[in-house]
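See below for the structure under consideration.
Below, chains carry the letters A, B, ... as their sequence lines are ordered, and counting in each starts from 1. Side chains included, hydrogens not; waters and symmetry mates left out as well; all remaining heavy atoms used.
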Amino acid sequence: GQQLNQSPQSMFIQEGEDVSMNCTSSSIFNTWLWYKQDPGEGPVLLIALYKAGELTSNGRLTAQFGITRKDSFLNISASIPSDVGIYFCAGQGGVGSARQLTFGSGTQLTVLP
Amino acid sequence: ETGVTQTPRHLVMGMTNKKSLKCEQHLGHNAMYWYKQSAKKPLELMFVYSLEERVENNSVPSRFSPECPNSSHLFLHLHTLQPEDSALYLCASSQASTSHYGYTFGSGTRLTVV
């Protein structure tokens with residue numbers, strides 16, 4: 001089945017620093033999504049990418065859909081304490097069961113004051 | 001209410017108890033999902049319902065029994081659970097007939113089996 005490799009697994013950064021995380025896949029995806037999960041809550045959608053090469057921003061967050069359709073990255077600029085949480089990438093294929101989302105294992109982000 | 005609502009938020013149950021988790025979506029979606037999230041492990045897909053039919057059961061033990069009476073409601077019936085079943089159980093919904101979609105998650109039920 002499809003697998004996503006998400007890295008890094010965890011990050012400790014100082015407030016104000018920029019953050020970058022990425023996902024790579026063994027398969028092509030038609031859609032890439034990035035979610036954030038706060039402690040004790042469900043994941044919330046941050047950014048959705050629908051086209052290879054697409055670069056999309058949401059406030060301080062920027063994500064890109066890789067040209068090969070097998071990777072995506074998420075950047076967070078000028079981190080703040082409320083950025084703490086787990087960030088998941090997810091890819092969606094084309095048809096049938098492949099249309100279900102495949103999730104990465106998550107990046108645990110800690111922002112130090 | 002909007003979005004995906006899960007109840008209860010927290011549940012402590014003994015290994016011989018029977019309980020149910022409830023999920024309700026108010027988004028008009030036609031697919032619903034149960035995920036298990038254990039500490040330091042990836043999201044594990046348990047069950048998928050599309051148009052009220054179960055389309056996937058990822059080798060989940062029979063002590064977990066899903067029910068989808070209509071497109072807005074999803075239940076997870078629990079019986080004779082084990083301590084290793086303690087986890088955050090997440091429900092999600094999506095509109096599976098569109099070409100682009102993401103899942104909307106509920107806040108989860110934190111289950112502790114004692």
What I'd like to find out is whether the side chain of Leu90(B) reaches to under 4.5 Å of the side chain of Pro43(A), using heavy atoms alone.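 Sidechains of Pro43(A) and Leu90(B): in contact.
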Requested in this report: With the side chain counted from C-beta on, respond yes when Asp85(B) and Phe64(B) share a heavy-atom pair under 4.5 Å apart, and no when they do not.
Outcome: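 SC-SC contact between Asp85(B) and Phe64(B) confirmed.
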So, the part of Gln37(A) with a heavy atom under 4.5 Å from chain B: the answer is side chain
- Message: Let's test your reading of the structure: which of Arg9(B), Gln6(B), Arg110(B) forms the most heavy-atom pairs below 4.5 Å with chain A?
- Response: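 Result: the option with the highest number of such pairs is Arg9(B).
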Notebook entry, point to check: Under a 4.5 Å heavy-atom cut-off, does chain A meet the side chain of Gln37(B), its backbone, both or neither?
Noted result: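 For Gln37(B), side-chain heavy atoms alone lie under 4.5 Å from chain A.
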* Asked: Do the ring planes of Phe105(B) and Tyr35(A) sit parallel (below 30°), tilted (30 to 60°) or perpendicular (above 60°)?
  -> perpendicular
Minimal heavy-atom distance between His77(B) and Ser20(B), with the atoms involved, is ND1-OG, 2.6 Å
